[in-house]
Amino acid sequence: MTYREPARTTTRRIRIRRTRVAGLLVVIAAIAGSLGYHGPASSSSTAASPIDVLRSEHHRLRSEHRGPLGEADGAVPDGTTVFDDEIPGVANVDPALLGALRDAATDAADEGVEFYVDSGWRSREYQQQLLREAVSKYGSEKEAARWVASPNTSAHVSGDAVDIRPFDATAWLSDHGAAYGLCQIYRNEPWHYELSPEAIDHGCPSIYADPTQYPRMQQ
Ligand SMILES: [Zn+2]
């Protein structure tokens, strides 16, 4: 739960304190259930799990204040899929990662699960803008670093990461991604996938709590 934003954690605690006896147990069960992104399929149909809320915050952060930056810098329109070659945010993703995502998306579609790209490749300028926004949102560079990498370390800038939505798709990848070499890297970013070819035979490597824990991200 360390990845929760402070404000939301406080709200949740207050809500729990105010809830009495029977209600308390229900709340605890609900939180425990919805926090597990490996959880049962039914959790995808609940209105807003903490991960969904967190995810949409992240999305909003990326979507607003785009300013002069547009598709050429990696912003992707709603409804973009991993097959949309004409969109730079997709076209500039590493071909091996894109291929794995397309294979996975094709198989997931057979099960009624659709993959959408929330963010793929990003220009250095776009990443720098996201970092500036994160510093202003989270109040410090240290806290912002848990959510947004610098242009020098971001796997999005190098074309080695794709953020997938919605929850159904990331839940599908959580269960099946390793077979395609697709791995979640950070616990606090269940939508962020990178290619790890050895995962096909050996499973995905252990997940880092957040980007600050990953040696690659140290500057
Ligand atoms: Zn990402």
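Whatever order the structure lists them in is the order used to number ligands and atoms, beginning at 1. Side chains included, hydrogens not; waters and symmetry mates left out as well; all remaining heavy atoms used.
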Nearest to the Zn ion (ligand 1), which N, O or S atom of [X] do we find?
X: His156; answer: NE2
X: Asp163; answer: OD1
X: His192; answer: ND1

Side chain proximity check, Trp191 to Leu173, heavy atoms < 4.5 angstrom: no
Donor-acceptor pair, side chain of Asp94 and main chain of Leu97, under 3.5 angstrom: yes
Sidechain-backbone polar pair: Tyr208 side chain, Asn188 backbone, donor-acceptor under 3.5 Å: no
Criterion side chain to side chain donor-acceptor pair (under 3.5 Å) on Glu133 and Gln129, from CA distance to verdict: CA-CA 6 Å; Glu133 289 171 6; Gln129 176 174 303; 3.2 Å; yes
